[in-house]
Number of protein chains: 2
Amino acid sequence: MAVTTVAQGAKMLPTNEILSGDCIEVMNSLPEGSIDLIFADPPYNLQLKGELHRPDNSRVDAVDDAWDQFDSFKIYDQFTRAWLKAARRLLKPNGAIWVIGSYHNIFRVGTALQDAGFWILNDVVWRKSNPMPNFRGKRLTNAHETMIWASKSEGAKYTFNYEALKELNEGVQMRSDWVLPICSGHERLKDDNGDKAHPTQKPESLLHRVLVGSTNPGDIVLDPFFGTGTTGAVAKLLGRNYIGIEREEAYRKVAAKRLGQVRPLDSAALQTTVSKRAQPRVAFGQLVERGLLRPGEMLVNPRGQAAKVRVDGSLVSAEHRGSIHQVGAALENAPSCNGWTYWQFKRDGQLIPIDILRQQIRSEMHD
Amino acid sequence: MAVTTVAQGAKMLPTNEILSGDCIEVMNSLPEGSIDLIFADPPYNLQLKGELHRPDNSRVDAVDDAWDQFDSFKIYDQFTRAWLKAARRLLKPNGAIWVIGSYHNIFRVGTALQDAGFWILNDVVWRKSNPMPNFRGKRLTNAHETMIWASKSEGAKYTFNYEALKELNEGVQMRSDWVLPICSGHERLKDDNGDKAHPTQKPESLLHRVLVGSTNPGDIVLDPFFGTGTTGAVAKLLGRNYIGIEREEAYRKVAAKRLGQVRPLDSAALQTTVSKRAQPRVAFGQLVERGLLRPGEMLVNPRGQAAKVRVDGSLVSAEHRGSIHQVGAALENAPSCNGWTYWQFKRDGQLIPIDILRQQIRSEMHD
DNA sequence: CCAGAGAATGAATCCTTTG
DNA sequence: GCAAAGGATTCATTCTCTG
């Protein structure tokens, strides 16, 4: 396995590695503010054996201890708040977290996230196309799980690859409900006995969508409940760096083997649609400076109203003057206006959007 | 408005009434253990900041009402725990509750439910077929809301009409994700100015599924945040008793008028499926033979397209003819279609699914 | 009357850079 | 840190208007 260790302050950040131990202790040993994204699939309420600590750090045995429902929630909350605190410390200021769960635990997790200062961006429903039916007919088929996507704090500039997800969704905006099959067939890892290696292995398609949507190539993705390494496998495939933490030897072993078999996609395949926001800014005045538009030339809006271009790149219409955006907004009596897509100029009797000229300048900037 | 008052211990239980006032105080004035089902649509605590405009510069009419404003999560939690406590006191031992919310509040609600001793049965996702998009492209389309269904306590014998929901779902187990359109068009109530009467009116289809699935005719259904009375309207239609609590005079007025126009279905139509195997097959033509539908009468599909009923029980639309299933499939350009749940007919200006008539025939066959 | 175009609208935690 | 300016961004459905 490729291991890169990055110095961050006093501590070191081991990337593309599976770390052994209790996730809270291991997270606290890593450098603060070093992680771009955390994906966490924490244990549910009654699968906590060996995961729980009382406030005095003694271990709780969820099976042997006779606890009532309230104690159970109380201890689960302590556990949740503890690992979320360690996770939040690790995140870069613009980092984000995804946590997946079901109705047994997701409400505890969501409340703890909000109380810890995370800022929820969306809750996302993984709608299973092939869930296990409710055999006894006493409830609805439990056909989904819930993921919470949150930034480290309110106002943070989280990563969101809007265009890439839109592309994944046949050209329309990605919604908060994702229909994906459960992990089965060849993708489902088996142990030496042919039994499933992990009880809750997530499908790679789910992680694919999460990582394409909320990370960039080269980002560092941490999974504190690594299991059989689905997060790492998809991260590696997508050219992201992963850090896995897993306490169970058996899972680490399966994950290590799995990760050794993953070959990253080449960089061309990783390219996604570029957002217009990511493109360099062009001042309208440059069009005049470069002679693409002449001072004195008239621009026309969709209503057929005209405005004259001045040498400094400002516009003058019958009643308004200012930038292409300001004059457009004034004529539309609107709070704002994108002048680039609003105005047209005339060439050989044809009306042409001025945005064409901006694209021309941008393409020259690349040369 | 029909008012029935039922003596329960020392206090009286006013049914099929809209009660005025703060929901906690009013709930505490009602007799303990008297309610079968509570449906609650509490404030979501949206915490919206500035204005939002669509790309066409039109302004989004946001939920900025005073009743949705809370100063902090702590205050919101206090409110939530207080009304849930009052609600739980009102429930019969085998009673249940539904609460609907979004990611802003649903995690607080779920945690409070669990802490109060409720036992979560399912979380149900309402997947909106036509949500408002994310206009700035900064997040996923918020395309769903979450409902939590919980019994009063663990081990309670809650009502669940498994077969009825299965029938509503074309013969397969009802899942925890429900695809339904938002409330719009004629169903959306308007005030005297032609504006929406309530900012967050829920669709009747949602309540229909909730009440068919988790109540029986004659049950008492309480909605502590009654608004314009969707819960009451569907409860009355389905032969359940309702109690609404609403603070705002304007909403109570709209709700009262609405409820006055609802005419309950007759008892035969309310008989829900007992067991699928026990159900005799009913040919659509029997509805015509028995005069439940007249030859020449028009059926309407969800798109508003019409088809005419013929004497032999076949349908004719503008372009297609055949069975209710065939014409439905052709109009949907789908391989198959359950005509029973697809077509509706008109009575007294209301659209009613033809499946109601099938159930009526079946109930007569049992006699 | 119908068909087609255009406008309206919905529980929304909805921007980024420069000066 | 704040104010000002640049400029990027939407889907399904229903209602209304026009021809």
Side-chain angles (χ1 to χ4, degrees), chain A residues 114 118-123 150-151 154-155 157-158 160 162-163 166 169-176 275-285 313-314 322-326 328-329 334-343 354-355 358, chain B residues 41-65 67-70 73 100-106 126 128-146 179 181-188 190 194-196 198-203 225 227 302-304 318:
Chain A
Q114 290 178 314
F118 287 97
W119 191 248
I120 297 182
L121 300 168
N122 279 113
D123 61 333
S151 61
E154 184 180 0
K157 291 176 183 166
Y158 55 90
F160 181 50
Y162 174 78
E163 290 78 10
K166 187 171 178 177
N169 199 34
E170 301 187 329
V172 296
Q173 209 172 73
M174 185 70 80
R175 300 166 39 118
S176 58
S275 145
K276 282 189 183 176
R277 291 189 178 96
Q279 295 183 28
R281 248 186 208 216
V282 175
F284 177 70
S314 63
S323 71
I324 53 173
H325 314 295
Q326 290 169 329
S336 70
C337 171
N338 184 345
W340 289 107
T341 55
Y342 182 73
W343 294 105
I354 61 172
D355 207 22
R358 180 169 66 160
Chain B
D41 183 9
Y44 288 9
N45 187 24
L46 286 188
Q47 307 173 53
L48 302 176
K49 299 276 173 4
E51 290 199 333
L52 179 64
H53 291 89
R54 298 183 182 80
D56 65 3
N57 271 324
S58 62
R59 186 178 153 277
V60 173
D61 184 12
V63 179
D64 53 4
D65 306 72
W67 50 255
D68 198 46
Q69 311 292 327
F70 295 83
F73 282 131
I100 184 167
S102 68
Y103 67 84
H104 309 83
N105 71 322
I106 199 66
W126 169 28
K128 303 179 185 183
S129 56
N130 50 346
M132 187 164 74
N134 186 290
F135 296 116
R136 307 302 291 264
K138 302 308 292 182
R139 301 183 178 190
L140 301 165
T141 309
N142 195 0
H144 74 276
E145 293 186 26
T146 301
V179 181
I182 61 176
C183 180
S184 67
H186 291 300
E187 189 187 332
R188 189 81 194 218
K190 302 292 194 297
D195 300 322
K196 53 190 176 192
H198 192 284
T200 70
Q201 187 183 341
K202 297 294 177 287
F225 306 98
R303 301 174 190 273

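Throughout, protein chains are lettered first and strands after them, A, B, ... in sequence-line order, and every chain is numbered starting at 1. Atoms considered below: every heavy atom in the structure, side chains included; atoms not considered: hydrogens, waters and symmetry mates.
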**Message:** Looking only at the side chain of His104(B) (C-beta and beyond, no hydrogens), which of the listed nucleotides dT9(D), dA12(D), dA12(C) gets closest?
**Reply:** dA12(C)
**Asked** Within the pair Lys128(B) and dA12(D), is there a side-chain N or O less than 4.0 Å away from OP1 or OP2?
**Response** no
**Prompt:** What is the nucleic acid contact for Ser102(B), judged by heavy atoms within less than 4.0 Å: base, sugar-phosphate only, or nothing?
**Reply:** nothing
**Message:** If you only use heavy atoms from C-beta on, which nucleotide in dC11(D), dA11(C), dA12(C) is closest to the side chain of Gln173(A)?
**Reply:** dC11(D)
**Request:** For Pro181(B), report the nucleic acid contact type (base, sugar-phosphate, nothing); a contact means any heavy atom under 4.0 Å.
**Result:** nothing
**Message:** Reading DNA chain C from 5' onward, which residue's closest nucleotide shows up sooner: Lys138(B) or Ile120(A)?
**Reply:** Ile120(A)
**Prompt:** Can you tell which of dT13(C), dA11(C), dT10(D) lies closest to the side chain of Leu48(B)?
**Reply:** dT13(C)
**Request:** Counting heavy atoms from C-beta on, name the nucleotide in dA8(D), dC14(C), dA12(D) closest to the side chain of Arg358(A).
**Result:** dA8(D)
**Prompt:** Which part of the nucleic acid, if any, lies within reach of Lys202(B) when heavy atoms closer than 4.0 Å are counted: base, sugar-phosphate only, or nothing?
**Reply:** base
**Prompt:** So does Arg54(B) get a side-chain nitrogen or oxygen closer than 4.0 Å to the phosphate oxygens (OP1/OP2) of dA12(D)?
**Reply:** no
**Prompt:** Is the shortest side-chain N/O distance from Arg281(A) to OP1 or OP2 of dA8(D) below 4.0 Å?
**Reply:** no
**Asked** Within the structure shown, what part of the strands sits under 4.0 Å from Asp68(B) by heavy-atom distance: base, sugar-phosphate, or nothing?
**Response** base
**Prompt:** Does Arg136(B) make a side-chain N or O approach to OP1 or OP2 of dC15(C) shorter than 4.0 Å?
**Reply:** yes
**Phe135(B)-dC14(C) aromatic stacking (under 5.5 Å, under 30°)** = no
**Fill in**
The Watson-Crick or G-U wobble partner of dA8(D), with both key distances under 3.5 Å, is none
**Asked** Looking for any heavy atom pair under 4.0 Å, which part of the strands does Pro42(B) touch: base, sugar-phosphate only, or nothing?
**Response** base
**Asked** When we call it a touch if two heavy atoms are under 4.0 Å apart, what does Asp41(B) touch: a base, just sugar-phosphate, or nothing?
**Response** base
**Fill in**
Answer for the Watson-Crick or wobble partner of dG19(D), both distances under 3.5 Å, is dC2(C)
**Request:** Tell which nucleotide pairs with dA11(C), taking only Watson-Crick or G-U wobble pairs whose two distances are both under 3.5 angstrom.
**Result:** none
**Message:** Students often get this wrong, so: under 4.0 angstrom with heavy atoms, is Cys183(B) touching a base, only sugar-phosphate, or nothing?
**Reply:** nothing
**Request:** Return no unless some side-chain N or O of Tyr158(A) is found under 4.0 Å from OP1 or OP2 of dC15(C).
**Result:** no
**Request:** Please state whether the phosphate of dA11(C), meaning OP1 or OP2, lies under 4.0 angstrom from any side-chain nitrogen or oxygen of Asn142(B).
**Result:** no
**Asked** Which comes earlier along DNA chain C counting from the 5' end, the contact point of Ala62(B) or that of Ser58(B), where each point is its nearest nucleotide?
**Response** Ser58(B)
**Which nucleotide in dT13(C), dT13(D), dT9(D) has an atom nearest any side-chain atom of Lys276(A)** = dT9(D)
**Request:** Output yes when at least one side-chain N/O atom of His325(A) is less than 4.0 Å from OP1 or OP2 of dG6(D), else no.
**Result:** no
**Message:** Nearest 0.5 Å, please: how far is CG in Asn105(B) from CD1 in Ile100(B)?
**Reply:** 9.5 Å
**Request:** For dA12(C), take OP1 and OP2 only and decide whether either is under 4.0 Å from a side-chain N or O of Lys49(B).
**Result:** no
**Message:** Base, sugar-phosphate or nothing for Arg303(B)? Non-hydrogen atoms, less than 4.0 Å.
**Reply:** nothing
**Message:** With a 4.0 Å limit, can you tell me whether Asn338(A) has a side-chain N or O closer than that to the phosphate oxygens OP1/OP2 of dA8(D)?
**Reply:** yes
**Message:** Do Ser323(A) and His325(A) pair up side chain to side chain, a donor and an acceptor below 3.5 Å, judged on atom types alone?
**Reply:** no
**Prompt:** Of all the choices, dT9(D), dT10(D), dT17(C), which nucleotide is nearest to the side chain of Glu163(A) once you look at every atom?
**Reply:** dT9(D)
**Asked** Contact class for His53(B) (heavy atom, under 4.0 Å): base, sugar-phosphate, or nothing?
**Response** nothing
**Prompt:** Are any of Ser336(A)'s side-chain N or O atoms less than 4.0 Å away from OP1 or OP2 of dG7(D)?
**Reply:** no
**Request:** Kindly point out which of dC14(C), dG6(D), dT9(D) is positioned nearest to the side chain of Gln326(A)?
**Result:** dG6(D)
**Message:** Does Ser275(A) reach a base, just sugar-phosphate, or nothing at all? Heavy atoms under 4.0 Å.
**Reply:** nothing
**Item:** Separation between CD of Glu187(B) and CD of Gln201(B), rounded to the nearest 0.5 Å
**Value:** 6.0 Å
**Request:** Take atom NZ of Lys190(B) as the centre, draw a 6.0 Å sphere, and report whether it contains more than 12 heavy atoms from other residues, nucleotides or ligands.
**Result:** yes
**Fill in**
Out of dC11(D), dT16(C), dG7(D), minimum distance to the side chain of Arg277(A) belongs to dT16(C)
